[in-house]
Each structure stands twice: as structure tokens, then as C-alpha cells.
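Just below is one structure, and these are the notes that go with it.
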Amino acid sequence: MSCYYRQYEDTTVTIPKYSVESSAGITYYDIKVRVGNVDWFVERRYRDFAQLHDKLVEDISIIKKLLPPKKLVGNKQPAFLEQRREQLETYLQKLLTHFGKELPRLLAEFLDFNKYDIIYLLQDLAKLFHESGDALLSAKKEYSFSALEIYAISERLALPCPPSNEQGGKFDFSHVLDFSTQLESLVVTPIKDNASFAQDYNTVDVPIGRSNIIPNRLSFNLNAFRNLRTLKFSALSTENIVDIELLKPTLQTICVHNTTITHINQVLLCDNLHKNCDVPSLLPDPAVSNSEDALLNTDAWNELTELDLTGNLLTQIDGSVRTAPKLRRLILEQNRIRAIQNLAELPHLQLLSLSGNLISDCVDWHLSMGNLVTLKLAQNKIKSISGLRKLLSLVNLDLSCNLIEQLDEVDHVANLPLLETLCLTGNPLAGSVDYRPRVLARFHERAAEISLDNEPGTQQELDTALVLSALLKSKQRQQNK
């Protein structure tokens with residue numbers, strides 16, 4: 001990212017070309033700004049140059065004749081337009097030389113420094129938070145930053161001394177820091193105010209605007225956000241974070257959506273160079289006298305209770321989940337997970353959502369998730385649910401849109417003492433005759449307590465289920481004889 005304040009001696013401004021809009025006959029000059037390795041393009045008309053110059057003459061006493069004069073006749077001729085392109089390029093170059101390392105806001109905004117440069121972008125943010133920060137925070141202590149803004153904040157903290165035009169007033173960086181430290185929820189996206197990133201940025205490296213800045217290649221820390229409870233990343237990998245240590249004592253919820261991450265350790269161990277190594281248990285060992293110290297691990301998320309990684313490319317539940325032993329909600333929808341692993345050391349886990357994955361078997365899941373209250377397995381490839389028969393604390397179970405065909409499969413969950421809601425819609429079983437009363441009959445005396453496919457049984461369904469239940473019991477007694 002650009003930092004003109006530090007790289008003004010390695011900055012160039014050129015106008016490599018112009019274009020004429022055929023319908024209206026308007027001439028646009030394509031300005032290329034390069035600061036170090038960063039460059040971007042800005043399109044301006046001569047009218048824009050004239051307005052800029054008038055303000056600079058009025059506010060800063062720039063020489064009036066510095067800008068080439070307007071021409072009324074013959075101003076569409078190619079030779080004239082080429083000459084004007086060269087003159088305007090020279091004009092901009094003289095302005096940069098004149099102002100040195102601190103550009104006036106008028107010129108910075110004219111050249112889009114406030115979109116791509118650390119200092120000027122943050123000045124826009126400072127002005128916004130100075131004027132509207134209290135209102136934003138009073139409505140909701142959540143704010144959405146672009147990756148570029150987060151990177152700018154991170155880099156600005158490393159600057160030894162600020163530009164003089166930033167000290168005090170509405171452009172002071174302290175307004176950004178004050179706002180950031182009060183936030184409880186931070187949302188980070190590739191760009192600002194553009195929903196298209198959900199489709200584009202998670203598959204290809206797409207530059208920001210007309211620059212060569214690519215959000216997925218910006219590395220930053222989050223040290224300015226010291227009181228966060230919730231962190232949300234969308235279409236941007238958390239591996240862009242180089243230091244997340246300061247968030248671990250307070251963070252309770254992490255959401256990462258629409259990225260190409262394949263492992264959970266890319267989130268929970270995002271700043272750890274050894275993330276692919278085996279993660280030891282963080283649960284207290286009863287054999288160790290000072291077992292409470294077992295949780296004092298540098299990688300531990302001791303306050304994290306919810307992890308939502310919907311819409312990524314996860315293929316497994318790796319051992320990094322052990323770093324969050326207090327997880328209560330684990331949401332891994334719309335991924336590519338085939339099997340369940342590493343959940344045995346999450347004793348507080350109450351909700352597990354695996355909808356939209358590739359799971360076909362669920363064998364003895366009670367061994368790793370015995371305290372589960374809600375289990376969502378919609379849109380998988382499950383045919384048998386025998387492995388759920390001992391999840392005795394289960395209250396809510398969603399098995400919609402799977403491959404369950406046999407009515408007898410319901411028996412595996414019908415004896416769960418606390419089960420209240422069951423969703424089977426979208427399975428082959430759900431298309432059979434008298435599907436609802438036949439399923440409710442499997443619950444026998446508890447049929448009236450069950451909500452099937454988000455609806456309680458009607459009186460007619462319950463009456464039919466009662467008859468079917470009696471027939472089932474009679475059949476079972478005969479089989480037992």
C-alpha cells in the first residue's frame with residue numbers, strides 16, 4: 001500500500017494517455033500515480049484541473065499561470081490534446097515538487113490518495129469518526145472496515161512521527177484509535193460497500209479499484225482493536241493477520257465466511273508459523289496437581305464460545321479446535337467435510353451445524369459429542385443415523401435433504417429422552433404415504449411433544465400415530481416371544 005509520507009521521493013505522476021468520449025465529445029486524461037511499488041489510475045477532465053487550480057490559488061497562493069489556459073476553438077484536435085496532455089502532466093509534477101512530502105488535501109483527493117494511501121485514507125476515517133463516531137457507536141458497537149483500512153491502521157501505528165497536517169483537528173489519527181478501541185464487533189471485507197466481493201475475492205486476486213493493490217496480499221495486525229468480542233471476516237482469509245495475540249483474552253465469537261481456507265487452523269492459529277503441527281490437549285489433566293495451568297497456553301482461546309466458518313473449503317475438523325476448549329457453538333456449514341474428528345475435547349459444545357457438507361456416515365458420535373443439544377446435518381449424504389442413538393442430551397435434530405429411506409432409521413433417535421424437534425423433509429422417507437403419523441408413531445407416548453419438520457402433529461396425525469404405535473408395540477412383543 002502507498003505511503004507517500006515515507007516514499008515521496010519515489011513518487012511519480014504521469015498522464016500516459018487521454019480518451020475522447022464519442023457521444024458527448026468529452027476528453028478525459030488518464031493520470032497514473034506511482035508511490036513505490038504501488039500504482040493507480042485516476043481519470044479527470046480539464047474542468048477538474050481548472051477547479052483544483054482555482055482552489056489552490058485561493059487557499060495556498062499557487063502561481064495562477066502554472067495551469068495551461070483554456071482554449072475554446074480547436075480544443076478537440078489530436079495535436080492540441082496531445083500538447084495539453086503533456087502540459088497537464090508537467091503541471092502535476094510541479095505541484096508534487098512544490099509541496100514535498102505533505103500534500104494539501106485538495107491535491108491528495110484530486111489524485112485519489114485518500115483511496116490508496118495510508119495517511120490520506122486514515123484522514124478520511126478520522127474525519128468520519130470525529131464527526132459521527134459517537135452516533136455510530138451508540139447505534140451498534142460494530143463497524144465494517146476494508147482490508148485496506150485495517151492495513152493502513154496497522155502500518156500507521158508503526159510510523160515514528162505523524163505528518164504535521166495530521167496533528168490535532170478532525171484529521172488526527174487519534175480519532176481512529178479512539179473509535180477502534182471502543183468497538184466490540186469488527187467486520188473485515190476485501191473492499192468497502194460492494195457485495196460483489198462475495199463472488200470475486202474468494203476465488204481470484206482482484207485489485208482494488210484501478211490500483212495494483214490486492215486485498216488478499218495485505219498483512220496486518222489488529223492491535224488497535226483491544227476490546228473486541230466478535231471478529232468477522234468475509235471473503236478474506238484470516239491468514240492476513242500477522243499478530244492476533246491481543247484479541248485472545250476478550251474474543252468470544254469468530255466468523256469467517258466465503259474464503260478458500262481448507263483447515264480450521266488457518267483461523268485459530270492464523271498467526272502461528274507452526275499451525276500444521278499437532279495441537280496438544282488444553283483440557284486440565286486430573287493427574288496433574290496444578291491442572292488449571294494446562295489452559296495457560298499461548299494459543300488458547302479461553303473466552304471463545306462461538307466459531308462460525310460457513311461457506312469455505314474445509315475438508316476436516318483438525319486438531320486446532322482444541323485451542324478453544326470453551327466452544328459452545330461450532331458452525332461449519334457449506335464446506336467439504338466428510339468425517340467428524342477432534343470434538344471429544346470440547347465438553348461445552350452444545351450446537352454443531354454441519355449442513356451442506358459431504359458426510360455419509362455418523363458412527364458412534366456420542367463418544368465425541370456427548371453433551372450436544374442441537375445438531376444440524378441438513379444437505380449431506382446420510383443414509384443411516386444409527387450413530388446418533390446415544391446422544392442423550394440432544395433436543396434439536398435437523399436431517400433434512402439427506403438420503404434416508406427406511407422408516408426404521410427413526411427408531412435410532414426416537415428413544416432420545418430430550419428430543420423435541422426433528423426435521424426429515426427432503427429425504428426419500430418423507431415422500432412415503434402417511435409419512436408424518438408413521439414417524440410420530442415411533443415416539444409412542446411422546447408423539448405430541450415432537451415438532452416434525454417445524455410443525456407439531458395435528459390431532460388427526462396424533463390419533464393415527466397412536467394406533468400405529470399400538471400396532472408397533474404389539475409387533476415388538478410378538479418378536480420378543
Side-chain angles (χ1 to χ4, degrees), residues 1-7 33 35 38 40 42 101-194 197 201 207-211 213-215 218-228 230-236 240-243 246-247:
M1 186 176 175
S2 161
C3 184
Y4 178 77
Y5 178 72
R6 288 188 294 191
Q7 299 170 297
V33 183
V35 182
V38 177
W40 65 88
V42 187
K101 65 180 180 180
E102 295 186 17
L103 302 179
R105 287 289 304 180
L106 288 170
L107 180 57
E109 292 175 4
F110 180 83
L111 295 174
D112 278 356
F113 273 84
N114 58 322
K115 293 181 179 178
Y116 305 112
D117 185 88
I118 291 172
I119 299 300
Y120 299 98
L121 181 151
L122 289 177
Q123 287 181 3
D124 274 7
L125 276 182
K127 181 175 180 290
L128 171 65
F129 297 150
H130 173 67
E131 297 173 350
S132 308
D134 290 341
L136 291 169
L137 290 169
S138 64
K140 189 179 184 182
K141 289 196 173 183
E142 176 179 288
Y143 191 77
S144 178
F145 287 89
S146 71
L148 202 58
E149 291 170 336
I150 296 292
Y151 177 83
I153 294 171
S154 176
E155 289 293 300
R156 175 63 184 79
L157 287 171
L159 279 179
C161 55
S164 60
N165 63 355
E166 184 187 293
Q167 297 175 8
K170 60 185 178 182
F171 294 126
D172 197 292
F173 181 55
S174 63
H175 300 310
V176 177
L177 289 181
D178 182 57
F179 183 86
S180 300
T181 55
Q182 295 184 67
L183 280 181
E184 294 182 359
S185 179
L186 171 65
V187 182
V188 185
T189 58
I191 54 177
K192 203 73 169 281
D193 302 326
N194 189 340
F197 61 71
Y201 283 83
I208 299 173
R210 297 188 66 199
S211 75
I213 303 172
I214 297 175
L218 296 173
S219 297
F220 46 77
N221 64 57
L222 299 173
N223 293 344
F225 305 91
R226 294 174 176 265
N227 295 301
L228 289 183
T230 301
L231 177 63
K232 301 177 182 179
F233 268 59
S234 183
L236 188 73
N240 291 53
I241 305 172
V242 295
D243 183 4
L246 289 177
L247 299 189

Quiz item: Is the Phe225 ring parallel, tilted or perpendicular to the Phe145 ring (thresholds 30°, 60°)?
Solution: perpendicular
Quiz item: Residues in side chain to side chain contact (heavy atoms under 4.5 Å, CB included) with Val242, at least two apart?
Solution: Ser219, Asn221
Exercise. For Glu155, enumerate each residue passing the side chain to side chain contact (heavy atoms under 4.5 Å, CB included) test, keeping only those at least two apart in sequence or located in another chain.
Key: Arg6, Ile118, Tyr151
Quiz item: Between Leu148 and Lys115, which heavy-atom pair has the shortest distance, and what is it?
Solution: CD2-O, 3.2 Å
Quiz prompt | Gap separating the NZ atom of Lys101 from the CD1 atom of Ile119, nearest 0.5 angstrom | solution = 11.0 Å
Quiz item: Could you walk me through whether Val38 and Val33 pass the side chain to side chain contact (heavy atoms under 4.5 Å, CB included) check?
Solution: CA-CA 8 Å; Val38 177; Val33 183; over 6 Å; no
Quiz item: Quick one: does Asn114's side chain have a donor or acceptor within less than 3.5 Å of a partner on Arg105's backbone?
Solution: no
Exercise. Over all heavy atoms of both residues, which pair between Ser144 and Glu149 is shortest? Give the atoms and the distance, please.
Key: O-OE1, 4.3 Å
Quiz item: Which is it for Phe171 and Leu122 under the side chain to side chain contact (heavy atoms under 4.5 Å, CB included) test, yes or no, and what are the steps along the way?
Solution: CA-CA 8 Å; Phe171 294 126; Leu122 289 177; over 6 Å; no
Self-check item: Exceeds 12 heavy-atom contacts within 6.0 angstrom, atom CG of Asp134
Solution: no
Quiz prompt | Steps toward side chain to side chain contact (heavy atoms under 4.5 Å, CB included) verdict (Asn227, Gln182) | solution = CA-CA 7 Å; Asn227 295 301; Gln182 295 184 67; over 6 Å; no
Quiz item: Of the options Thr189, Ile208, Ile150, which is the one that meets Pro215 in a side-chain contact (heavy atoms from CB on, under 4.5 Å)?
Solution: Ile208
Quiz item: Quick one: are Ser234 and Val187 in side-chain contact, heavy atoms under 4.5 Å?
Solution: no
Exercise. Check for a donor-acceptor pair, side chain of Ser132 on one end and backbone N or O of Ala135 on the other, with a separation under 3.5 Å.
Key: no
Quiz item: Do any N or O atoms from the side chain of Thr181 and from the backbone of Leu177 form a donor-acceptor pair under 3.5 angstrom?
Solution: yes
Exercise. Go through the steps for Tyr116 and Val35 under the test side chain to side chain contact (heavy atoms under 4.5 Å, CB included), then give the verdict.
Key: CA-CA 10 Å; Tyr116 305 112; Val35 182; over 6 Å; no
Practice problem: Quick one: closest heavy-atom pair of Ser185 and Leu228, and the distance? | Solution: N-CD2, 3.9 Å
Quiz item: Rounded to the nearest 0.5 Å, how far apart are OG of Ser154 and CG of Asn240?
Solution: 11.0 Å
Quiz item: Going by the angle between their ring planes, with limits at 30° and 60°, are Tyr4 and Tyr120 parallel, tilted or perpendicular?
Solution: tilted
Practice problem: Take the angle between the ring planes of Tyr143 and Phe129 and call it parallel below 30°, perpendicular above 60°, tilted in between. | Solution: perpendicular
Quiz item: Under 3.5 Å, side chain of His175 to main-chain N/O of Gln123, donor-acceptor pair present?
Solution: no
